[in-house]
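Counting starts at 1 for both ligands and their atoms, in listed order.
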Amino acid sequence: MYTSRISGLGCYVPENVVTNDDLSKIMDTNDAWIQERTGIKERRHIKKGDGNSTSVMGVKAAKIALERSGLSKDDIDFIIFATLSPDMYFPGGGVIVQDMMDMNTIPALDVRNQCSGFVYAISVADQFIKTGMYKNVLVIGSENHSGGLDMTTRGRGISVIFGDGAGAAILTRSEEEGKGILSTHLHSEGGHAKELSLEGPNTGHWVPEIIAENVQENIPYYPYMNGQFVFKNAVVRFSEVINEGLVANKLTTEDIDMLIPHQANLRISQFVQKKFKLSDDQVYNNIQKYGNTTAASIPIALTEAWENGKIKDGDLVVLAAFGSGFTWGSAIIRW
Ligand SMILES: CC(C)(COP(=O)(O)OP(=O)(O)OC[C@H]1O[C@@H](n2cnc3c(N)ncnc32)[C@H](O)[C@@H]1OP(=O)(O)O)[C@@H](O)C(=O)NCCC(=O)NCCS
C-alpha cells in the first residue's frame, strides 16, 4: 500500500508590501477597522512590471519546493495547479508551469476550488499516488488577487482582505506505514455559490455584453462576498471537517500538533483554536502579513511553519480550508 508524503515545500510572495495605511489613502478604510475585524496588518500585491503573474509566482514557489525535495524536474509525473485567478481565462496555470519549468509532456490539471483549492489538489495528488499511477506530484496554489479587486470604497469589504502569493508542495510516494497523508475529506454546498463569487465574465455573459454593460457599470466583474454569512458558515464547516478527519483516523483533538487553517480571517482561526482547545503554538497564522491568499494560503503557511521548525518528524499536522463554492476540506498528515 502506497501513501504520499510531503517531500518538499516552497513559497513566494511579491516584494511589494501594502499596509492598511496604504489602503486608507485610496479608499475609506482604516488600520483599526481592518485589524479588529480580520487581524490583517499588511498584504503583498504584485506591482506592474515586477514580472510576476499567478503562474510565475507558482513557478517560483515550485522551484524552491523541488530543490528541497532533492528531486529534479524530470522526476515529476504530474502537475496540479489550484487558483481562482489564472493568468488567462483558459488554459489554466498548470500547462504554463509545465512550459516554464521545462518539464517533459507530463499532465497538468487545474483545480477550481478557491480557498479549498490546495486541500482539494493534494487530495487529488494523494489518490494518484495511492493507486500507484504517479510517484511524484507537484501541487501549487497561487493567486494574483490584486489585479482583480475593486480598490475603491465600494469594494472595501473585500479588497482589504485579499493578497497575492504562491505556495507549492511535492508529494512523493512512500511505503512507510502510518506516515504521510493519512486521509483527506472534501465537501461542497453549491446552494451558496453566489455568497462569495465573481460572476463576470462567464459564458452566459459573454464578451460583447461585458463591453456594453461595463459602460453602465452594472456588470458583476468584481468579487461579491456576503461576509457575515461566509463567516458563520466557515466556523461551522472548519470545525466539522477537522473533526471528521480526526474521527476517521481514530484521533482526538489532543493528538493535533499543528493546525494550519486556511487564512481567511484571524477571528475564524481563533474561534476554531478555542473550540478545539489548542494553544497558540498549535495553530499557525500568518494572515497578519499576507491577508487571505486563497489557494496559496495553506501552502504558504505550511512552508513557513516548517521553515520555522514548528513541524517535526512524527507530528500530526491538520490542514483545514473553507471557501467559495462553498467548498471545504481537511487533510490529516503524520509528518
Ligand atoms: C468581511 C468581514 C471582515 C466584514 O466584517 P463585518 O463585521 O461582517 O462587517 P460588515 O460587513 O457588517 O460591515 C460593518 C461596517 O463596516 C463597513 N466596512 C466594510 N468594510 C470596511 C473597511 N474595509 N473599512 C472600514 N469599514 C468597512 C461596512 O460598510 C459597514 O458599515 P455600516 O455599518 O455603516 O453599514 C467579515 O464579515 C468576515 O471576515 N467574513 C468572512 C470573510 C471570509 O472569511 N472570506 C473568505 C472566506 S474563504
Side-chain angles (χ1 to χ4, degrees), residues 18-43 45 82-85 111-121 141 143 145-146 148-165 167 186-190 192-198 222-242 260-273 285-288 290-301 319-330:
V18 177
T19 64
N20 295 343
D21 285 339
D22 292 333
L23 292 180
S24 70
K25 289 178 194 137
I26 54 172
M27 63 181 81
D28 181 11
T29 190
N30 58 77
D31 180 54
W33 190 96
I34 300 172
Q35 284 212 51
E36 189 194 315
R37 310 277 175 133
T38 70
I40 299 165
K41 295 183 173 153
E42 57 190 42
R43 74 286 294 141
H45 282 177
T83 189
L84 66 67
S85 52
V111 166
R112 293 286 312 272
N113 285 75
Q114 299 66 249
C115 298
S116 312
F118 186 77
V119 171
Y120 267 74
E143 302 289 358
H145 284 308
S146 62
L149 294 171
D150 181 355
M151 301 300 277
T152 69
T153 299
R154 185 180 58 179
R156 65 183 179 174
I158 295 185
S159 50
V160 301
I161 296 174
F162 292 94
D164 303 339
L186 308 176
H187 294 276
S188 75
E189 193 175 24
H192 298 319
K194 291 202 171 173
E195 303 297 346
L196 176 45
S197 59
L198 196 167
Y222 285 126
Y224 166 78
M225 179 170 74
N226 181 348
Q228 290 185 9
F229 187 75
V230 172
F231 193 103
K232 283 179 197 152
N233 277 266
V235 292
V236 173
R237 297 309 193 185
F238 265 112
S239 307
E240 278 178 8
V241 83
I242 293 168
I260 314 261
H262 161 57
Q263 306 290 298
N265 180 320
L266 191 61
R267 306 290 161 252
I268 295 176
S269 296
Q270 286 168 338
F271 179 93
V272 174
Q273 173 176 346
N285 288 304
N286 60 8
I287 191 169
Q288 301 89 332
Y290 306 130
N292 179 345
T293 58
T294 306
S297 96
I298 289 184
I300 293 174
L319 313 182
F322 174 87
S324 158
F326 292 151
T327 58
W328 61 102
S330 65

*asked:* Please work out, at 4.0 Å between heavy atoms, whether the side chain, the backbone, both, or neither of Phe231 comes within that distance of ligand 1.
replied: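 Under 4.0 Å from ligand 1, Phe231 contributes backbone and side-chain atoms.
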*Would you say Thr38 has any N or O atom under 3.5 Å from an N or O of ligand 1, going by distance alone?*
no
*asked:* Checking the N or O distance criterion of under 3.5 Å, is ligand 1 in contact with Ile34?
replied: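 N/O-N/O distance below 3.5 Å does not exist for this pair.
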Of all the atoms in ligand 1, which lie at a distance below 4.0 Å from a heavy atom belonging to [X]?
| X | result |
| --- | --- |
| Ile268 | 44 (O) |
| Asn292 | 46 (C), 48 (S) |
| Val160 | 23 (N) |
| Gly157 | 1 (C), 20 (N) |
| Gly323 | 48 (S) |
| Ile161 | 1 (C) |
| Arg37 | 3 (C), 6 (P), 7 (O), 9 (O), 14 (C) |
| Phe322 | 48 (S) |

*Does any N or O in the side chain of Glu189 come within less than 3.5 Å of the main-chain N or O of Phe326, such that one atom is a donor and the other an acceptor?*
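No, Glu189 side chain to Phe326 backbone: no donor-acceptor pair under 3.5 Å.
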*Do you see a donor-acceptor pair shorter than 3.5 Å between the side chains of Ser297 and His262?*
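Checked: Ser297/His262 side chains pair up, N/O donor to acceptor below 3.5 Å.
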_As a quick check of understanding, evaluate side chain to side chain donor-acceptor pair (under 3.5 Å) for Thr83 and Glu143, giving each step before the final call._
CA-CA 6 Å; Thr83 189; Glu143 302 289 358; 3.0 Å; yes
*Of all the heavy atoms in Leu23, does at least one lie under 4.0 Å from an atom in ligand 1?*
no
*Determine, using heavy atoms of His262 and all atoms of ligand 1, whether some pair is separated by less than 4.0 Å.*
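Right, His262 reaches ligand 1.
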_Which residue is it: Asn286, Thr293, Asn292? I am looking for the one with a side chain to side chain contact (heavy atoms under 4.5 Å, CB included) to Gln263._
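Going through the options one by one, the only one that passes is Asn286.
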